[in-house]
Amino acid sequence: MASSLPHSPGRIGRFFGALSTQKRVIGALFLRELHSRYGRDNIGYLWLIAEPMMLASVITLLHANAPTHFGSDIGPVPFTIIGYTIFIVFRGIFSRADGAVESNQMLLHHRMVTITDIMLARAMLEIGGCFITMCILMSLAISLGYADWPERPLHLLAAYAQMGWWSVALAFIVVGVTYGNETLARFTHPIAYFCVPLSGAFYQLEWIPESFRKYLLWWPMALICEQARYGQFRSATSEYMDVGYVAIVCTLLTYCGLLLVRRLRRRVHVH
């Protein structure tokens, strides 16, 4: 027992040293992805928020005059902003998962760069852009009197974090099964669009008949959107939130995804 004690600080130090190294690697990959995707042409890095903002603004304007289904503070404008921006976190991460390794394969020459680092850097870019878009649009809606400040901001932040986790876990699985298989890769984008009506981004589960709602309660995306609305609106209910269940599902999917990524790394040949 005593002989093992001197080695413990060394192991802990190496762990935190490796963690610090990977943090710098992911930061560098984030900047590279930002530059390679948006570059300096036209408005440059502003495309990070301009692209999702344009899409979210169009969807919001289409619903601007829609009637409120229930709840005095649940207006159509903030309802749509929250729902759409949280959905495009998923769409951006999931839809861009196929081809992620092929487009960054040369980076795997570097021993410290892993497929996981590449996926996390790309996911951070999507989450950051969508969250900033939500903040800008909600601030504009609040200033114009279409929305109020978030009633429970921590729940709103947690919902974005959970959607990011859910999306990254699925992205690991996608990249693991689609590498070198163009047929499977073609299904990624259609699946992302099929998830729109299942996501709960544009409706509350309380509006859905019980015969359908009992199935949606097993779908984490719908539960995450419920939490986002609970964080924004005072009259939103927490009846259909289940943070523990979402965490368990995301943990299992992350584990499966990491196993697939580990197997994939042995198949990737860096030329």
Side-chain angles (χ1 to χ4, degrees), residues 14-56 85-136 160-161 163-182 184-186 188-189 192 253-254 257-271:
R14 287 194 296 272
F15 171 77
F16 282 106
L19 196 64
S20 177
T21 299
Q22 291 310 111
K23 184 176 72 172
R24 292 195 298 271
V25 169
I26 293 173
L29 291 171
F30 176 89
L31 294 175
R32 179 187 181 276
E33 184 70 20
L34 179 65
H35 181 73
S36 62
R37 189 181 301 182
Y38 302 107
R40 297 178 181 176
D41 297 330
N42 300 319
I43 61 174
Y45 298 141
L46 287 178
W47 278 117
L48 174 64
I49 59 174
E51 184 179 359
M53 187 177 295
M54 286 188 294
L55 296 172
T85 54
I86 200 169
F87 174 76
I88 57 178
V89 169
F90 164 78
R91 192 200 66 184
I93 296 174
F94 183 83
S95 298
R96 290 190 168 99
D98 66 293
V101 174
E102 288 88 344
S103 60
N104 293 277
Q105 193 161 330
M106 296 304 297
L107 293 175
L108 298 175
H109 272 300
H110 305 283
R111 185 173 56 87
M112 291 185 295
V113 177
T114 66
I115 297 173
T116 303
D117 295 332
I118 293 171
M119 300 302 296
L120 290 177
R122 291 163 67 95
M124 287 169 54
L125 189 62
E126 297 292 341
I127 296 169
C130 294
F131 185 74
I132 293 171
T133 297
M134 187 275 293
C135 291
I136 293 174
Y160 270 86
M163 186 60 81
W165 185 8
W166 161 261
S167 305
V168 168
L170 291 178
F172 283 151
I173 295 174
V174 169
V175 77
V177 300
T178 61
Y179 178 78
N181 192 324
E182 188 176 346
L184 285 177
R186 290 183 180 275
T188 305
H189 293 274
L253 289 175
T254 302
L258 289 175
L259 288 179
L260 288 171
V261 168
R262 184 178 180 181
R263 291 179 56 190
L264 171 62
R265 185 63 184 90
R266 302 191 190 106
R267 293 166 45 208
V268 175
H269 300 289
V270 181
H271 300 290

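Sequence positions, counted from 1, serve as the residue numbers for this chain. Computed from a prediction, not measured in an experiment: that's the story for all the values here.
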Can you name the nearest heavy-atom pair linking R91 to A192, along with the distance?
CG-CB, 4.3 Å
To the nearest 0.5 Å, atom OG1 of T21 lies from atom CD1 of I26 at 11.0 Å
Smallest separation among heavy atoms of T188 and S95, with atom names
CG2-CA, 3.9 Å
To the nearest 0.5 Å, tell me how far R32 CZ sits from L125 CG.
12.5 Å
Under the side chain to side chain donor-acceptor pair (under 3.5 Å) test, which residues partner R262, sequence neighbours left out?
none
Do NZ/NE/NH1/NH2 and the carboxylate oxygens of R186 and E182 come within less than 4.0 Å?
yes
Where do A100 and R96 come nearest, in terms of heavy atoms and distance?
CB-O, 4.0 Å
Within the 4.5 Å heavy-atom criterion, are T116 and L120 side-chain neighbours or not?
yes
For Y179, run the side-chain contact (heavy atoms from CB on, under 4.5 Å) check against V101, V261, D98 and tell me which one passes.
V101
Note: V89 and C130 closest approach over all heavy atoms is CG2-CB, 3.5 Å
Could you tell me how the ring of F87 sits relative to the ring of F90: parallel (under 30°), tilted (30 to 60°) or perpendicular (over 60°)?
tilted
Are D117 and M112 close enough that some pair of their side-chain heavy atoms sits under 4.5 Å apart?
no
Point-to-point distance, once rounded to the nearest 0.5 Å, from OG1 of T178 to CD of E102
6.5 Å
Minimum-distance pair of heavy atoms, taken over all atoms of T114 and L108:
C-CD2, 4.0 Å
Could you state the interatomic distance from NE2 (H35) to CZ (F30), rounded to the nearest 0.5 Å?
14.0 Å
Of the non-hydrogen atoms in G176 and L264, which two are nearest, and what is the gap between them?
CA-CD2, 4.3 Å
How long is the gap from OG1 on T85 to CD1 on I136, to the nearest 0.5 Å?
11.5 Å
Rounded distance (nearest 0.5 Å) linking atom CD1 of I88 with atom CD1 of I127:
12.0 Å
Just distance, no hydrogens or angles: give the donor-acceptor pairs under 3.5 Å from side chains in residues 164-172, sequence neighbours left out.
from	atom 1	to	atom 2	distance (Å)
W165	NE1	T254	OG1	2.9
S167	OG	M163	O	2.6

Do N104 side-chain atoms and L107 backbone N/O form a donor-acceptor pair below 3.5 Å?
no
